[in-house]
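Here's the structure, in structure tokens; my notes come after.
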2 protein chains.
Amino acid sequence: MVKTQADTPTEERILAAARKVFIAHGLTGARMQEIADEAGINKALLHYYFRSKEKLFETILTETMQSFLPRINAIFTSELPVEEKIAAFCSEYIDKMLDNPFIPLFVVNEINNQPDDFFKKIWGGKKPDVGILVKQLEAAAKEKMIRPVSPVQLILNIMSMCVFPFVAKPMFQKVMGISDKQFRLLMEERKKEIPAFIMAALRR
Amino acid sequence: MVKTQADTPTEERILAAARKVFIAHGLTGARMQEIADEAGINKALLHYYFRSKEKLFETILTETMQSFLPRINAIFTSELPVEEKIAAFCSEYIDKMLDNPFIPLFVVNEINNQPDDFFKKIWGGKKPDVGILVKQLEAAAKEKMIRPVSPVQLILNIMSMCVFPFVAKPMFQKVMGISDKQFRLLMEERKKEIPAFIMAALRR
DNA sequence: ACTTTTGTTAACCATTTGGTTAAATCTATT
DNA sequence: AATAGATTTAACCAAATGGTTAACAAAAGT
């Protein structure tokens, strides 16, 4: 006899349901009852396994960020040449977001609601280190490989072009009248388009 | 005798307070009591002047969008040459957002929460028309003025670079350790930086 | 078999929240 | 001044929500 749902451990079912509901509605918007229903269990069990809404949320948040940050950090701190580093970053980042399109907006919102809590809980103090990239850019500019640029502005540009389309996904889809499938194709295209665009702007 | 607050009409005080609270917390997060307190009036007055929370919200939303869209639309549909059009758009858009840094995230969120309602109420059906810009880009590419580009990708790039820094403002400030004043300076810089970056990427 | 521990549930509770009401106060108008 | 109309307030209400409790079921020791 196959119990496709019932035999997965309760705790995992809760986490899966909580992720879904929290990402859809955020911390304040999410309802404990909806999480319970989604998991197919009694609401009291949520408090049995995780003490409170906040605790449950924190668990999801940590878990989510852990799936993002390490690889990004690895790329940033690697010694890849600038061009490859940018390409790797864009490709990796966009791939991750294609798997979880709602995460960027979710993260941005939570940072907005409790900036201090967020960073302590998630990054344990170690921000992504862009120091190496900055040095690489300065070196490349000195060797006349690229035009001199403000590293801060460039990093802002790269991040913006990668992340914003996901934050504004519903808006773009509505304005441009494109389906989920078409959106995904556009983003796949961007994995090469953005690095090409950036390098075209940098080369002298 | 000067009553700096008391002599502004009640309705205006409500609108000002509502804008502040709604923009800070969004539709669901905002509390009617907080709006009343902020306006220094009794909560029942909110329902006396505007029937419900939704109605009040809709008023603010419409008002807010009306301060954004017309000028943007004007630039988009104008016959300015590509380069100037892009420069004008960035400068205008960033200026608007510098005056209301919270609006982009606010708008993105509300679109996410009720995509259909939003567009009907706000745009009355007429989306910003990028048709002219697309034709200009194709023409410029044919005349070898710029490299051929996917207009959709380019527009995505422009919008992203202009808007995202405001959506992610708290995050950037935390990560890069910059003050409000410094952030403003960075954004002022971007009004020229972004068009320059884009044109450098486009020119052949 | 029985006792203890763990897992699960329905019913309940206190607080918050959008919204209402009836009485009070203020402002014209006659 | 008296009346009518608009404005404002305190008290109240019903629904929703995070959280608790006490009783019950299922495993796990013994």
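The figures here come from the full heavy-atom set of this structure, side chains too, leaving out hydrogens, waters and symmetry mates. In the text below, chain A, chain B and the rest are named by the order of the sequence lines, each starting its count at 1.
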request  = Give me the one residue out of Phe50(B), Phe57(B), Phe102(B) that meets ring-ring contact (aromatic ring centres under 6.0 Å, His included) with Phe22(B).
outcome  =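 Result for ring-ring contact (aromatic ring centres under 6.0 Å, His included) with Phe22(B): Phe57(B).
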Can you measure [X] atom [atom1] to [N] atom [atom2] for me and round it to whole angstrom units?
X        : N       : atom1 : atom2 : value
Glu34(B) : dG18(C) : CD    : C1'   : 15 Å
Leu27(B) : dT17(C) : CG    : P     : 14 Å
Gln33(B) : dC12(D) : CD    : C1'   : 14 Å
Arg31(B) : dT17(C) : CZ    : P     : 5 Å
Tyr49(A) : dT8(C)  : OH    : P     : 4 Å
Arg51(A) : dG19(D) : CZ    : P     : 9 Å
Ile14(B) : dT9(D)  : CD1   : C1'   : 13 Å
Leu45(B) : dT8(D)  : CG    : C1'   : 5 Å

State whether a side-chain donor-acceptor pair under 3.5 Å links Asp37(A) with Gln33(A).
yes
- Would you tell me whether Asn157(A) and Glu193(B) have side-chain atoms, one donor and one acceptor, within less than 3.5 Å of each other?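 Glu193(B) and Asn157(A) do not have a side-chain donor-acceptor pair below 3.5 Å.
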Residues of residues 57-64 of chain B with a heavy atom under 4.0 Å from any atom of DNA chain C, listed by number, are none
Can you tell which of [options] lies closest to the side chain of [X]?
X        : options                  : answer
Lys53(A) : dT9(D), dG19(D), dT21(D) : dG19(D)
Ile41(A) : dA10(D), dT9(C), dG18(D) : dT9(C)
Thr10(B) : dT9(D), dT8(D), dG18(C)  : dT8(D)

Would you mind classifying the nucleic acid contact of [X] as base, sugar-phosphate or nothing, using non-hydrogen atoms under 4.0 angstrom?
X        : answer
Tyr48(B) : base
Ala30(A) : sugar-phosphate
Phe50(B) : nothing

Are the side chains of Glu54(A) and Leu27(A) in contact, using a 4.5 Å heavy-atom criterion?
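They are in side-chain contact.
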Quiz item: If only atom types and distance count, is the side chain of Lys43(B) paired as donor or acceptor with the main-chain N or O of Ile35(B) below 3.5 Å?
Solution: no
inquiry  = Looking at Arg13(A), is its backbone amide N or carbonyl O close enough to the side chain of Glu38(A) to form a donor-acceptor pair, meaning the two atoms are under 3.5 Å apart?
reply    =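 Judged by distance alone, no pair lies under 3.5 Å.
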Would Lys85(A) count as a cation-pi partner of Phe76(A), with NZ or CZ less than 6.0 Å from the six-membered ring centre and within 45° of the ring normal?
-> no
